[in-house]
Amino acid sequence: MCGIVGYVGPKKVVPVIIAGLRRLEYRGYDSAGIAVGSPSSSTLEVRRAPGKLRNLEEVLREHPLDGTFGIGHTRWATHGRPTEENAHPHRDCSGRIVVVHNGIVENYLDLKRELSAQGHIFVTETDTEIIAHLIEQVQNDAVAACQPLSLEAAVRRAVKRLTGAFALGVLSAAEPNKIVAARQGPPVVIGVGQGESFVASDVPGILHHTRDVYFLGDGEMAVLTASGAALTGFDGNPIQRELTHVHWDPIQAEKGGYKHFMLKEIWEQPSAVRETTLSRVSLGSGKVFLGEMEIPDEELARISSIVIAACGTSWHAALTGKYMIERLARLPVDVDYASEYRYRSPIAGPDALGLLITQSGETADTLAAQREMKALGSKTVAICNVVGAMVAREAHGAVYTHAGPEIGVASTKAFTAQLTALFLLALKLGQLRGRLDEAQSLESVEQLSRIPVKMEETLRSCSAQCEQLARDFHAARDFLYLGRGIHFPIALEGALKLKEISYIHAEGYPAGEMKHGPNALIDESLPVVVLATRDEADPASKLRYEKTLSNIQEVTARAGRVIAVATQDDAAIGNLVERVIYIPPAPELLSPLLEIVPLQLLAYYIAVRRGCDVDQPRNLAKSVTVE
């Protein structure tokens with residue numbers, strides 16, 4: 001959540017920061033601000049505005065700023081309304097220290113009472129303001145003891161008193177051309193250029209200036225100057241770390257002619273699946289190679305069960321992966337909401353593998369679940385889209401998805417890349433456990449290699465049809481999505497996409513549960529989206545399909561309006577339903593990669609038709625970095 005961009009160097013500070021914040025708009029925010037300083041000033045100049053960045057830019061046009069170092073922030077309100085006074089940056093009593101902050105300070109009320117008793121005056125409703133005053137008080141106490149502290153030392157002492165989650169950027173007018181950054185929870189990226197340094201909450205904010213970055217870990221700080229960045233722990237001990245070179249092309253983070261990032265990312269899914277598969281399978285032997293996996297093959301072969309923890313869209317990927325792993329590797333899989341995992345007295349141990357799925361690799365709930373798994377003795381593997389992210393650094397192995405930056409808040413290509421990674425992991429485990437012979441492996445990787453072309457075909461054939469369906473159904477108040485087996489998680493994901501970006505109530509349900517309650521909802525005003533594909537080579541798939549047809553008849557008998565997603569050449573289903581979206585045939589375990597595409601397009605076009613902010617839905621943020 002929220003965006004941070006800071007800069008020290010020879011360029012004009014304000015344009016660098018505003019451009020960086022604009023590239024982080026996808027994270028969601030409701031106010032924005034900037035602080036700028038120079039060696040000639042005894043204070044730091046601050047400009048803030050509620051609402052979008054354009055409001056801050058208008059303030060800057062009326063009251064311009066210039067300086068040699070600065071930091072900006074886009075805030076998603078957690079404490080205090082989204083007003084100018086509550087927007088970041090926040091100042092101490094003197095105006096010589098400013099702070100920007102992502103996260104939540106859980107003990108801020110206790111600290112606020114303590115600091116108020118010491119004479120500090122607070123002017124906002126936020127938890128962040130106390131951090132600026134706390135740093136000020138630490139320095140005041142040090143001066144009173146005749147042991148003055150540098151900004152870095154004062155921040156180090158202050159953060160030890162904070163509980164909760166925080167990513168901080170701190171400036172002081174007394175120490176110009178310096179930024180101090182600290183992390184405990186939410187991500188912090190440090191960029192290093194030629195004679196300039198950057199700090200940001202995510203890579204796209206600085207990618208147009210440098211690709212050489214450090215990712216701070218929990219309990220780590222950085223001091224940025226024009227000559228570089230020095231990393232330390234909260235204990236003050238220096239940290240030596242190799243720079244990470246980011247390979248994303250900055251153009252990937254631009255709209256590229258599409259109306260919205262979400263639409264661009266839907267159309268990028270064939271490439272995301274290709275990139276995630278590339279170099280990981282042999283079409284000659286069927287073998288799967290997972291190079292970032294640090295757990296030896298013989299140890300992976302011995303695991304007795306898997307627990308997957310994830311949130312939101314990643315949780316739906318986890319449910320889909322459960323079907324893949326159980327069928328191909330014959331391993332029992334439990335799927336947990338990451339936010340619930342550590343609160344239910346989970347059972348785990350050395351024989352169980354913990355699998356974490358997260359697009360950003362920084363989701364607080366997922367990291368908490370990972371740490372609980374490790375505390376119980378399980379090794380963990382991360383499926384993640386960001387190299388160097390916290391979840392991957394703390395794992396015993398990673399399967400990186402290569403989807404590129406995903407800007408739209410509602411995940412699309414990250415989801416299909418996760419499904420691809422899960423299928424590869426399922427194949428790998430099946431091979432290690434002797435559940436798949438060479439012929440089965442060859443067939444599986446060959447079918448996977450065909451999916452990107454089939455996705456392209458689906459995009460071309462479904463787009464206009466989904467746009468027309470949006471015209472006909474955008475005024476509906478509710479939607480119901482139905483699926484059986486591995487298609488049930490795709491029904492859940494289709495419903496989530498619709499509710500996220502169109503604000504229509506939508507619900508995913510197992511088709512076999514219709515008689516157990518949902519039938520009461522069916523009437524002529526309820527659109528029902530049914531996943532009714534089939535794999536002709538799979539008897540179990542054909543049986544599931546026949547049962548799904550019975551569910552469709554239950555809906556049509558009650559005047560429900562059915563939109564079916566079906567396999568090409570299925571002429572029979574057209575006689576049962578009002579609308580059919582056809583997709584290419586695929587094996588049962590890979591069909592979700594195709595089925596989700598028309599559901600994403602349908603949600604997108606309905607949201608556009610309703611005039612919604614597709615890329616930045618209300619009340620949502622891209623990366624949820626607090627529990």
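Hydrogens, waters and symmetry mates are skipped; everything else that's a heavy atom, side chains included, is used. All values reported here derive from a predicted model rather than from experimental measurement.
- Here CG of Leu594 is found 9.5 Å from CG of Leu459. Values are rounded to the nearest 0.5 Å.
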**Asked** Should Lys497 and Thr412 be marked as a side chain to side chain donor-acceptor pair (under 3.5 Å) after you check the CA-CA gap, both sets of side-chain angles, and the distance that decides it?
**Response** CA-CA 9 Å; Lys497 284 287 128 339; Thr412 52; over 6 Å; no
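- Ring centroid separation for the pair Phe198 and His209 comes in under the 6.0 Å cut-off.
- When all heavy atoms are compared, the tightest approach of Leu442 to Ser285 is CD2-C, 3.6 Å.
- In this structure, Arg23 and His208 have side chains that are in contact, with non-hydrogen atoms separated by less than 4.5 Å.
- A salt bridge is absent between Arg54 and Glu58; no separation between the charged side-chain nitrogens and carboxylate oxygens falls under 4.0 Å.
- Closest approach of Ile206 to Ala200, counting heavy atoms only: CG2-CB, 3.8 Å.
- Ionic pairing of Glu578 and Arg561 is present here: one or more N-O contacts between side-chain nitrogen and carboxylate oxygen are shorter than 4.0 angstrom.
- In this structure, the side chains of Phe415 and Ser314 stay at 4.5 Å or more apart for every pair of heavy atoms.
- When only modelled atom types and interatomic distance are considered, Lys413 and Ser271 share no side-chain donor-acceptor pair under 3.5 Å.
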**Message:** Before you tell me yes or no, could you show the steps for Leu319 and Leu492 under side-chain contact (heavy atoms from CB on, under 4.5 Å), namely the whole-Å CA-CA distance, both residues' side-chain angles and the distance that decides it to 0.1 Å?
**Reply:** CA-CA 10 Å; Leu319 288 176; Leu492 290 173; 3.8 Å; yes
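- Residues Thr358 and Cys311 are not in side-chain contact: their nearest non-hydrogen atoms beyond the backbone lie 4.5 Å or more apart.
- No salt bridge links Asp538 with Arg544; every basic N to acidic carboxylate O contact stays at or beyond 4.0 Å.
- Inter-residue side-chain proximity for Ile522 and Val528 is flagged as met; some heavy-atom pair is nearer than 4.5 Å.
- Leu448 has its side chain within reach of Thr420: a pair of non-hydrogen atoms, C-beta onward, lies under 4.5 Å apart.
- Distance CG/Leu602 to CZ/Phe473: 8.5 Å, rounded to 0.5 Å.
- The nearest pair of heavy atoms linking Leu53 to Leu21 is CD1-C, 3.7 Å.
- Across Val580 and Gly574, no two heavy atoms sit closer than the pair CG2-CA, 4.0 Å.
- Between Ala272 and Ala403, the shortest heavy-atom distance links the atoms CB-CA, 3.9 Å.
- Residues Val281 and Phe289 fail the side-chain proximity criterion, which asks for heavy atoms closer than 4.5 Å.
- The closest side-chain heavy-atom distance from Gln418 to His316 is not below 4.5 Å.
- Using bins of under 30°, 30° to 60° and over 60° for the plane-to-plane angle, the ring pair His260/Tyr604 lands in the perpendicular bin.
- We find that Arg534 and Glu588 are not joined by a salt bridge, their nearest charged nitrogen and carboxylate oxygen being 4.0 Å or further apart.
- Annotation: His474 is not in aromatic contact with Tyr605 [ring centroid separation under 6.0 Å not met].
- Asp523 CG: more than 12 foreign heavy atoms inside a 6.0 Å radius.
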**Request:** Starting from the C-alpha separation in whole Å, work towards a yes-or-no answer on side-chain contact (heavy atoms from CB on, under 4.5 Å) for Cys612 and Ile501.
**Result:** CA-CA 7 Å; Cys612 299; Ile501 63 171; 5.9 Å; no
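- Between Lys542 and Glu546, none of the side-chain N atoms (NZ, or NE/NH1/NH2) sits under 4.0 Å from a carboxylate O, so this pair counts as no salt bridge.
- Looking at Glu275 and Arg280, no side-chain N of the basic residue comes within less than 4.0 Å of a carboxylate O on the acidic one, giving no salt bridge.
- From Leu496, atom CG reaches atom CD of Glu507 across 12.5 Å, with rounding to the nearest 0.5 Å.
- Rounding to the nearest 0.5 angstrom, the gap separating the CD1 atom in Ile596 from the CD1 atom in Ile266 is 9.5 Å.
- In this structure, Trp315 and Tyr337 have parallel ring planes: the angle between them is below the 30° cut-off, well short of the 60° mark.
- Using modelled atom types and a 3.5 Å distance limit, the side chains of Gln269 and Thr416 yield a donor-acceptor pair.
- A side-chain N or O of Ser441 and one of Gln431 form a donor-acceptor pair less than 3.5 Å apart.
- Asp365 and Thr363 share no side-chain donor-acceptor pair at under 3.5 Å.
- Rounded to the nearest 0.5 angstrom, Glu536 CD and Asp570 CG are separated by 8.5 Å.
- We find that Lys264 and Glu268 are joined by a salt bridge, their nearest charged nitrogen and carboxylate oxygen being less than 4.0 Å apart.
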**Request:** Check the pair Ile563 / Val530 against side-chain contact (heavy atoms from CB on, under 4.5 Å), numbers first and verdict last.
**Result:** CA-CA 6 Å; Ile563 302 167; Val530 183; over 6 Å; no
**Asked** Between Val453 and Arg274, is a side-chain contact (heavy atoms from CB on, under 4.5 Å) present by the stated rule, with each step listed?
**Response** CA-CA 9 Å; Val453 172; Arg274 281 192 189 96; 4.1 Å; yes
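- Between the OG atom of Ser591 and the CD1 atom of Ile583 there is a distance of 6.5 Å, given to the nearest 0.5 Å.
- With 3.5 Å as the limit, one finds no donor-acceptor pair spanning the side chains of Asn385 and His402.
- The shortest heavy-atom contact between Ser411 and Glu493 is O-OE2, 3.8 Å.
- Using a 4.0 Å cut-off between a side-chain N of Lys or Arg and a carboxylate O of Asp or Glu, Glu457 and Lys454 do not qualify as a salt bridge.
- No more than 12 heavy atoms of other residues, nucleotides or ligands shown are found within 6.0 angstrom of NZ on Lys287.
- Checking side-chain atoms of Glu362 against main-chain N and O of Val391 turns up no donor-acceptor pair under 3.5 Å.
- With contacts defined as side-chain heavy-atom distances shorter than 4.5 Å, the pair Leu482/His487 does not qualify.
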